[in-house]
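What follows is a set of notes on a single structure, which appears directly below.
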Amino acid sequence: METQARQTGSQTDTQTGGSAIRESYQKFDPQAYLQNNYTPPRADFSRPDSIVPWKLNCLREAFSQGDISGRTLIDIGSGPTVYQLLSACEFFPEIILTDYLEVNRQELRRWLRNEADTFDWTPYIQHVCELEGKGSCAWPAKAARLRSVVSQVIPVDVHRSNPLHPRVLAEPADCLLSCFCLEAVSPDRESFQQALRNLSSLLRPGGHCLLIGALDESFYLAGEGARIPVVPVDQPFVSSSLQHCGFQILTFHTYTLPPSMKVGVDDVAGIFFVKAKKL
C-alpha cells in the first residue's frame, strides 16, 4: 500500500506539473519569444560567441557529414521558428513542421506564405548560405527551397504514445529534429524520457535524431504572464536518456552562455546539441 501510495503521489505530481505547463503555454506570445531569443545579442552574427550562430553551425556540420539522408524529416515542436531547417532543407524533399500551439502553427504558415509582416529570417538564411560556401546572395533560393519542401504544419503532443495523433505515419521518418522542446514541455525528468521514447516511435531504425536544448534551465519568458517552467537537464542525463531509448550518440556539443547572453528572459546556463542514430 505504501509503495502504491508513493506511485500514485508521483503520478499526481506529474499530472499537476503537466497541467501547470499547459496553462502557462496558453499565454505564450510568439512575437515576444522571437524578440527575446532571436534578436541581438543572442542572434548577433558578427559575434562568434553568440548563441544562434553556434546552433546554425552545429546543424550545418551535422548535415554536411553526409550520413543523414532519406525522404522525410519531422521537426518536433517547431515553435514559431524556421532557422533550424535551413541546412536540413537541402537534404530532404519533405519536411513536416509540428507544434502544440495553434498560434505557433499560424506563425509558421504565415512565413511559408511569404506574408510581409512575419519575422525576418533573412539574416539567418544569409548566414547559413555563407557557412555552406554559397555566399549570402544565394539566400532567396534557399528560402524558396525551404518553403517548397515543407509539406505540412500539424499539431504534436510529445506526451502521447503517438505524438502526431490522430495522424498515423504511412512510413517512419528518416530524421527527427527537435529544438528546445522536450525539457520545456515536461514537468519532470521521467516525463522527458517518456517523451523521447514517444518520439522514437516516429523514426525508422537507422534514422537520425538531432536535438538542441537548454542546459540547467528552470524557466523562460514568452510574453506577459507567460513564465514557462522547464525541467533542468544536464549532459549526463540527456546522454543516458538517449541511450536508454535506443539511440547511439554520434556527436554531443555544449555551449556555455557568456554573461552578455544572459538577458533576463530565462536562467539557462548553456545549450546542448546532439546528433544520434536509432539502433
Side-chain angles (χ1 to χ4, degrees), residues 55-79 81-99 105 108 111-112 124-125 128-129 131-134 138 141-158 160-182 195-213 238-239 241-253 272-279:
K55 292 187 291 184
L56 292 173
N57 190 59
C58 285
L59 290 164
R60 179 207 61 81
E61 181 182 71
F63 284 101
S64 68
Q65 291 167 347
D67 55 338
I68 302 178
S69 62
R71 173 170 178 76
T72 303
L73 178 147
I74 304 177
D75 185 33
I76 301 293
S78 304
T81 69
V82 299
Y83 74 92
Q84 67 273 21
L85 304 161
L86 294 174
S87 291
C89 71
E90 304 293 346
F91 294 86
F92 288 89
E94 179 183 31
I95 291 177
I96 299 173
L97 306 185
T98 72
D99 201 75
R105 299 195 298 271
L108 293 170
W111 185 84
L112 291 169
Y124 293 74
I125 306 172
V128 173
C129 286
L131 290 176
E132 294 174 349
K134 300 173 183 177
K142 180 174 281 292
R145 167 69 183 179
L146 177 52
R147 288 186 170 104
S148 72
V149 299
V150 172
S151 63
Q152 301 179 72
V153 181
I154 60 177
V156 68
D157 184 345
V158 299
R160 287 181 174 269
S161 57
N162 171 18
L164 302 182
H165 177 82
R167 295 169 177 82
V168 177
L169 294 176
E171 296 181 355
D174 300 291
C175 184
L176 296 180
L177 173 61
S178 187
C179 300
F180 304 103
C181 176
L182 298 186
L196 186 58
R197 291 188 193 95
N198 295 341
L199 293 189
S200 177
S201 69
L202 302 176
L203 183 66
R204 67 169 174 83
H208 288 82
C209 178
L210 304 179
L211 298 178
I212 297 178
V238 175
S239 296
S241 296
L242 283 161
Q243 291 162 355
H244 289 158
C245 293
F247 289 95
Q248 175 189 3
I249 296 173
L250 305 177
T251 302
F252 201 122
H253 297 313
F272 69 83
F273 173 85
V274 181
K275 176 182 177 180
K277 184 177 182 180
K278 182 177 177 179
L279 298 175

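For the residue pair Ile76 and Cys181, the shortest heavy atom distance occurs at O-CB, 4.0 Å. For the pair Leu182 and Ala195, the tightest heavy-atom approach, listed with the atom from each and the gap, is CD2-CB, 3.9 Å. What you find for His253 and Cys58 is that their closest heavy atoms are CD2-SG, 4.1 Å. Nearest heavy atoms, Leu199 versus Leu176: O-CD1, 3.3 Å.
In this structure Thr81 satisfies the side-chain hydrogen bond (donor to acceptor under 3.5 Å, both in side chains) test together with Gln84, sequence neighbours excluded. Scanning for salt bridge (charged side-chain N to carboxylate O under 4.0 Å, His left out) contacts around Glu132 gives Lys134, Lys142, with sequence neighbours left out. Shown here are the ring pair (Phe, Tyr, Trp, His ring centres under 6.0 Å) partners of Phe63, two or more places apart in sequence or in another chain: Phe91. Residues forming a salt bridge (charged side-chain N to carboxylate O under 4.0 Å, His left out) with Arg60 (at least two apart in sequence, or on another chain): none. Evaluation of the side chain to side chain contact (heavy atoms under 4.5 Å, CB included) rule for Ser239 yields Gln235, Ile249, Phe252 as partners, not counting sequence neighbours. Asp157 pairs by the salt bridge (charged side-chain N to carboxylate O under 4.0 Å, His left out) definition with nothing, not counting sequence neighbours. For Tyr83, the ring pair (Phe, Tyr, Trp, His ring centres under 6.0 Å) criterion is met by Tyr38, not counting sequence neighbours. The side-chain hydrogen bond (donor to acceptor under 3.5 Å, both in side chains) search around Asp99 returns Asn104, not counting sequence neighbours. Legend: residues meeting side-chain hydrogen bond (donor to acceptor under 3.5 Å, both in side chains) with Ser151, ordered by chain and number and at least two apart, are Glu94. Listed by chain and number, the residues in a side chain to side chain contact (heavy atoms under 4.5 Å, CB included) with Ser200 are Phe247, Lys278 (sequence neighbours excluded).
Atom CG of Leu210 sits about 10.0 Å away from atom CG of Asp75, to the nearest 0.5 Å. Here the CG atom belonging to Leu202 is positioned 12.0 Å from the SG atom belonging to Cys175, to the nearest 0.5 angstrom. In this structure, CD1 on Ile74 lies 11.0 Å from SG on Cys209, to the nearest 0.5 angstrom. Interatomic distance, CG of Leu131 versus OG of Ser87, reported as 7.5 Å (0.5 Å rounding).
Side-chain contact check for Ile212 versus Phe180: some heavy-atom pair is nearer than 4.5 Å. The shortest side-chain heavy-atom distance between Ile125 and Leu146 does not fall under the 4.5 Å cut-off. A heavy-atom distance below 4.5 Å is not found between the side chains of Leu203 and Pro172. Residues Val150 and Val82 are not in side-chain contact: their nearest non-hydrogen atoms beyond the backbone lie 4.5 Å or more apart.
Counting only distance, with no hydrogens or angles, the side chain of Thr251 and the backbone of Lys275 share no donor-acceptor pair below 3.5 Å. With hydrogens and angles disregarded, a donor-acceptor distance shorter than 3.5 Å links the side chain of Asn198 to the backbone of Arg160. For the pair Ser78 (side chain) and Thr98 (backbone), a donor-acceptor distance under 3.5 Å is present.
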Can you list, pair by pair, the side-chain donor-acceptor contacts under 3.5 Å of residues 162-169, counting residues two or more places apart and other chains?
unit_1, atom_1, unit_2, atom_2, d
Asn162, OD1, Leu164, N, 3.1
Asn162, ND2, Arg167, O, 2.7

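Here salt bridge (Lys or Arg N to Asp or Glu O under 4.0 Å) pairs that include residues 196-213, with residues two or more places apart or in two chains, are Asp174-Arg204.
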request  = Please report the C-alpha distance between Asp67 and Lys277 in whole Å, then the side-chain angles of each, then the deciding distance to 0.1 Å, and finally whether the side chain to side chain contact (heavy atoms under 4.5 Å, CB included) criterion is met.
outcome  = CA-CA 10 Å; Asp67 55 338; Lys277 184 177 182 180; over 6 Å; no
query = Passes side chain to side chain contact (heavy atoms under 4.5 Å, CB included), Leu85 versus Leu73? Steps please.
reply = CA-CA 10 Å; Leu85 304 161; Leu73 178 147; 4.0 Å; yes
Candidate pair Val149 and Phe92, rule side chain to side chain contact (heavy atoms under 4.5 Å, CB included), full reasoning = CA-CA 7 Å; Val149 299; Phe92 288 89; over 6 Å; no
